[in-house]
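The sequence lines fix the lettering, A, B, ..., with proteins before strands; numbering per chain opens at 1.
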Amino acid sequence: MNYWLMKSEPEVYGIADLERDRTTIWDGVRNYQARNFLRSMASGDRAFFYHSNASPPGIIGLMQVVETDLVDPSQFDASSHYYDPKSTPEKPRWQTVEVEFIERFPSLISLDTLRQNFSPDDLWVVRQGNRLSVMPIEIPVAEKILAMAR
DNA sequence: GCCAACGTTGGC
DNA sequence: GCCAACGTTGGC
């Protein structure tokens, strides 16, 4: 089992939305490096839910990957913010996964706290200028985050 | 709202 | 294939 970190803006889709929906298709990723990480996910992998563009930003919960290699439906929807006119159903560009809510942490682990506990090499989200919205997390780092969450 | 970081696009 | 222009992300 691998661990990941996935970002979403709480104003767009936050942990409260996932807790209500229980599962969701993680659509809208339009960065190739992030997409490649989505493609390499396996059922049963776990992902930290990171609230970006929040005050403060940080890790707020945990979810589980339940379906992999899904074609992101929003790429074909002309009315969607995530519409990609260069993508076709025959040759879709963007794949994603379905995730399931596991837990919301009792309190958010802020980006500031993450910076105090991890180096940029161990946890990419604390790298300056980092814009990647899906990233892998090494197991020892994930376990430390889980310990901090409780 | 600002703006640094940085990925993408397109002319050449 | 280079790289300037442009658009987006995301912390602050």
* Determine whether the side chains of A/Asp77 and A/Ser79 contain a donor N or O and an acceptor N or O closer than 3.5 Å. => yes
* Donor + acceptor pair across side chains of A/Ser52, A/Arg131 (<3.5 Å) ->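 No.
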* If you look at every strand shown and take non-hydrogen atoms under 4.0 Å, does A/Gln33 touch a base, only sugar-phosphate, or nothing? -> nothing
* Asked: Is there a donor-acceptor contact under 3.5 Å from the side chain of A/Gln33 to the main chain of A/Leu132?
  -> no
Enumerate donor-acceptor pairs with a distance under 3.5 Å from any side-chain N or O in residues 141-150 of chain A to protein atoms, sequence neighbours excluded.
{"from": "A/Lys144", "atom 1": "NZ", "to": "A/Asn117", "atom 2": "O", "distance (Å)": "3.3"}
{"from": "A/Arg150", "atom 1": "NH2", "to": "A/Glu103", "atom 2": "OE1", "distance (Å)": "3.3"}
{"from": "A/Arg150", "atom 1": "NH2", "to": "A/Glu103", "atom 2": "OE2", "distance (Å)": "2.2"}

* Structure fact -> In B/S/- notation (B base, S sugar-phosphate only, - none; protein heavy atoms under 4.0 Å), nucleotides 5-12 of chain C written 5' to 3' is --BBBBBS
* Residue list, ring-ring contact (aromatic ring centres under 6.0 Å, His included) with A/Tyr32, at least two apart or on another chain -> A/Trp94
